Amino acid sequence: GIQVEQSPPDLILQEGANSTLRCNFSDSVNNLQWFHQNPWGQLINLFYIPSGTKQNGRLSATTVATERYSLLYISSSQTTDSGVYFCAQTDSWGKLQFGAGTQVVVTP
Amino acid sequence: GAVVSQHPSRVICKSGTSVKIECRSLDFQATTMFWYRQFPKQSLMLMATSNEGSKATYEQGVEKDKFLINHASLTLSTLTVTSAHPEDSSFYICSARDLWEPEDTQYFGPGTRLTVL
């Protein structure tokens with residue numbers, strides 16, 4: 001099946017810092033998505049990005065499908081960015097396969 | 001935007017009782033809903049795929065008699081944890097796929113934290 005690997009597993013940032021999260025996947029890209037799970041457990045859709053680059057405020061994502069990886073950029077981090085960031089890919093059965101996540105803590 | 005609700009948000013029950021969790025798509029129709037389980041500090045694990053008007057499809061290792069799923073309408077799916085035991089304590093999350101969404105995205109509910117004493 002699809003393997004989705006995320007790095008780093010943990011990240012501690014000072015408020016205002018920038019960071020890059022990485023997602024490697026083993027199969028051809030199919031509906032690669034990024035999610036943020038806030039400290040209360042709610043998953044929020046960030047990007048649907050099978051290829052190319054998208055930006056939404058301080059967040060942006062780039063997927064290089066030919067090299068099977070995606071990057072999520074957080075710029076000028078804020079404490080509200082804390083939580084777990086997941087990437088996920090849809091398999092051939094239409095099911096999301098999640099990576100293990102990157103735990104992000106932004107300190108004031 | 002697409003909103004998915006779950007009820008209850010948290011529940012504490014005694015061992016041996018059954019607990020029902022509801023998942024609703026509030027502003028869109030969802031022919032397909034998904035149920036996930038998440039242990040602390042871990043990723044989401046898909047339990048089953050729920051299709052409106054038909055039987056749910058369970059992932060390998062998930063007991064269908066233990067976790068009963070019903071998807072009676074285009075906006076409601078329920079997960080019933082039968083004869084709950086402490087090992088069933090977990091965070092349960094549902095998601096729904098928008099029928100009319102051109103991209104194959106899932107929208108997630110806020111989750112239900114189940115504690116079995």
Side-chain angles (χ1 to χ4, degrees), chain A residues 1-11 21 23-25 27-52 54 56-57 61 63 82-105, chain B residues 1-11 21 23 25 28 30-51 56-62 89-99 101-115:
Chain A
I2 294 174
Q3 302 295 319
V4 181
E5 296 180 353
Q6 292 186 242
S7 60
D10 300 278
L11 195 56
L21 283 59
C23 175
N24 293 330
F25 38 87
D27 208 342
S28 301
V29 175
N30 189 21
N31 300 350
L32 195 287
Q33 300 179 60
W34 283 96
F35 299 88
H36 174 221
Q37 186 173 35
N38 68 22
W40 296 272
Q42 172 76 63
L43 267 90
I44 300 163
N45 299 56
L46 295 178
F47 295 103
Y48 168 84
I49 186 164
S51 65
K54 289 187 178 180
N56 184 0
T63 297
S82 295
V84 183
Y85 290 81
F86 291 104
C87 67
Q89 192 176 359
T90 307
D91 67 15
S92 56
W93 299 98
K95 304 171 190 175
L96 279 175
Q97 301 294 334
F98 284 85
T102 294
Q103 173 84 54
V104 173
V105 175
Chain B
V3 179
V4 176
S5 70
Q6 270 184 254
H7 178 80
S9 58
R10 60 176 62 232
V11 56
I21 302 170
C23 177
S25 56
F28 65 99
T31 55
T32 304
M33 291 184 172
F34 302 85
W35 287 96
Y36 297 85
R37 184 172 182 177
Q38 186 179 31
F39 291 105
K41 306 284 187 187
Q42 293 189 24
S43 188
L44 280 74
M45 181 189 77
L46 179 65
M47 298 175 66
T49 302
S50 168
N51 293 297
T57 303
Y58 291 82
E59 295 300 298
Q60 193 171 9
V62 178
S89 298
S90 191
F91 192 55
Y92 292 89
I93 306 172
C94 73
S95 71
R97 181 179 289 160
D98 189 338
L99 178 65
E101 186 78 30
E103 298 171 344
D104 191 20
T105 57
Q106 295 179 26
Y107 297 97
F108 288 81
T112 297
R113 193 163 303 282
L114 170 64
T115 302

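Here is how names work: the chains are called A, B, and so on, in the same order as the sequence lines, proteins then strands, and each is numbered from 1. Here the structure is a predicted model, which is why all the values come from computation and not from measurement.
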Undergrad: With a 3.5 Å distance limit and no angle check, can you tell me whether B:Ser50 reaches the backbone of B:Ala56 through a side-chain donor-acceptor pair?
TA: no
Undergrad: In terms of heavy-atom pairs under 4.5 Å, which option from B:Gln106, B:Lys41, B:Met45, B:Arg113 contacts chain A the most?
TA: B:Gln106
Undergrad: How are the rings of B:Tyr36 and B:Phe108 set to each other: parallel, tilted or perpendicular (split at 30° and 60°)?
TA: tilted
Undergrad: Which residue in the set A:Gln33, A:Gln6, A:His36 passes side chain to side chain contact (heavy atoms under 4.5 Å, CB included) when paired with A:Phe86?
TA: A:Gln6
Undergrad: Using heavy-atom distances under 4.5 Å, tell me whether B:Gln6 contacts chain A through its side chain, its backbone, both, or neither.
TA: neither
Undergrad: Below 4.5 Å from any heavy atom of chain B, which atoms of A:Phe98 appear? Answer side chain, backbone, both or neither.
TA: both
Undergrad: Within a strict 4.5 Å, meaning less than it, do heavy atoms of the B:Met33 and B:Ser25 side chains meet?
TA: yes
Undergrad: With only heavy atoms counted, which part of A:Gln97 is less than 4.5 Å from chain B, the side chain, the backbone, both or neither?
TA: neither
